[in-house]
Amino acid sequence: MNINKLSKLNIFDEMKKAALLTAGTIDDFNTMTIGWATEGVIWGQNVMIVYVRPSRHTYNYMEKNNYFTVSFYDEEYKKALGYLGTKSGRDTDKVKDVGFTRKEIGAGVTFKEAKLSVLCKLLYKQDMNELNFPKEVLDRYYKTIDGYDDVHRLYIGQIIEIEEK
């Protein structure tokens, strides 16, 4: 698919339903359900920005790999995405558990069940700084008994390929 058609795909509506973020190779990857992502342009490139907490198993794969995918699914997969977002790949083969079929897209991994997959090449990453958040955001998303914890790292990926069913 032509990357310039991305804005017509209405990614923001799709993100309201959740998506999968996947990083790694076809033989060694992890995936997690995400509800936050940003599509835009920076440095003259079409990009996706995703956010991952250091405590998530996928974080390790994001750190080790230069490519990641964001994939979107029809409503029939809502239960599977819920499972993939609550179970850790450290503990179980959660992709097998939900019956998804992995497949390569360029240098990344997606799933045959996806209606839309976006392959991204990592351009930039940075930890978000809790000192720069409004207090209400910190309190809602990061507050623990001991203060604030597990603040997301953001990853900016250049959109390399889009695959649509």
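We use all heavy atoms of the structure for the numbers below, so side chains are in, but hydrogens, waters and symmetry mates are not.
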Locate the shortest heavy-atom distance separating Met32 from Val52; write the atom from each residue and the value.
SD-CG1, 4.1 Å
Restricting to non-hydrogen atoms, name the atom on Ala23 and the atom on Met62 that form the minimum distance, rounded to 0.1 Å.
CB-SD, 3.6 Å
Let me see the working for Leu81 and Phe100 under side chain to side chain contact (heavy atoms under 4.5 Å, CB included), right down to the final yes or no.
CA-CA 10 Å; Leu81 268 61; Phe100 275 18; 4.2 Å; yes
Restricting to salt bridge (Lys or Arg N to Asp or Glu O under 4.0 Å), what partner residues turn up for Asp127, sequence neighbours left out?
Arg153
Got more than 12 heavy atoms from elsewhere within 6.0 Å of CZ, Arg90?
yes
For Lys135, give me all partners under salt bridge (Lys or Arg N to Asp or Glu O under 4.0 Å), at least two apart in sequence or on another chain.
Asp139
Write out all pairs satisfying salt bridge (charged side-chain N to carboxylate O under 4.0 Å, His left out) with one or both partners inside residues 100-113, taking only residues at least two apart or from two chains.
Lys103-Glu163
Taking the side chain as every heavy atom from C-beta outward, state whether Val47 and Val41 have any atom pair closer than 4.5 Å.
no
Nearest 0.5 angstrom please: Ile49 CD1 to Ile156 CD1, how far?
4.5 Å
Going by the rule side chain to side chain donor-acceptor pair (under 3.5 Å), which residues pair with Tyr51 if we only count those two or more places apart in sequence or in a different chain?
Thr38
Distance, nearest 0.5 Å, that separates CD1 of Ile34 from CG of Leu84:
12.5 Å
Check step by step if side chain to side chain contact (heavy atoms under 4.5 Å, CB included) holds for Phe111 and Val95.
CA-CA 9 Å; Phe111 304 97; Val95 171; 3.7 Å; yes
Look at the aromatic rings of Tyr124 and Trp43 and report parallel, tilted or perpendicular, splitting at 30° and 60°.
perpendicular
Check: Thr31 side chain, Leu21 main-chain N or O, donor-acceptor pair, under 3.5 Å
yes
For Trp36 and His152: C-alpha separation, side-chain torsions, deciding distance, then whether side chain to side chain contact (heavy atoms under 4.5 Å, CB included) applies.
CA-CA 11 Å; Trp36 301 349; His152 290 87; 3.2 Å; yes
Can you list, pair by pair, the side-chain donor-acceptor contacts under 3.5 Å of residues 64-71, counting residues two or more places apart and other chains?
residue	atom	partner	partner atom	Å
Asn65	ND2	Tyr61	O	2.8
Thr69	OG1	Val109	O	2.5
Ser71	OG	Tyr73	OH	2.7

In this structure, CG of Asn129 is separated from CG of Asn132 (nearest 0.5 Å) by 4.5 Å
Ring centers of Phe133, Tyr141 separated by less than 6.0 Å:
no
So, taking the atom named OG1 in Thr110 and the one named CD1 in Ile105, what distance separates them when rounded to the nearest 0.5 Å?
6.0 Å
Using the side chain to side chain donor-acceptor pair (under 3.5 Å) rule, collect all pairs that involve residues 75-89, keeping only residues at least two apart or in two chains.
Tyr83-Asp97
Got a second to check how far Ser117's OG is from Ile162's CD1, nearest 0.5 Å?
10.5 Å
Side chains of Met48 and Ile159, heavy atoms from C-beta outward: is any pair under 4.5 Å?
yes
Whether Asp150 side chain and Ser55 backbone form a donor-acceptor pair below 3.5 Å
yes
Roughly how far, to the nearest 0.5 Å, is the CG atom of Leu154 from the NZ atom of Lys125?
11.5 Å
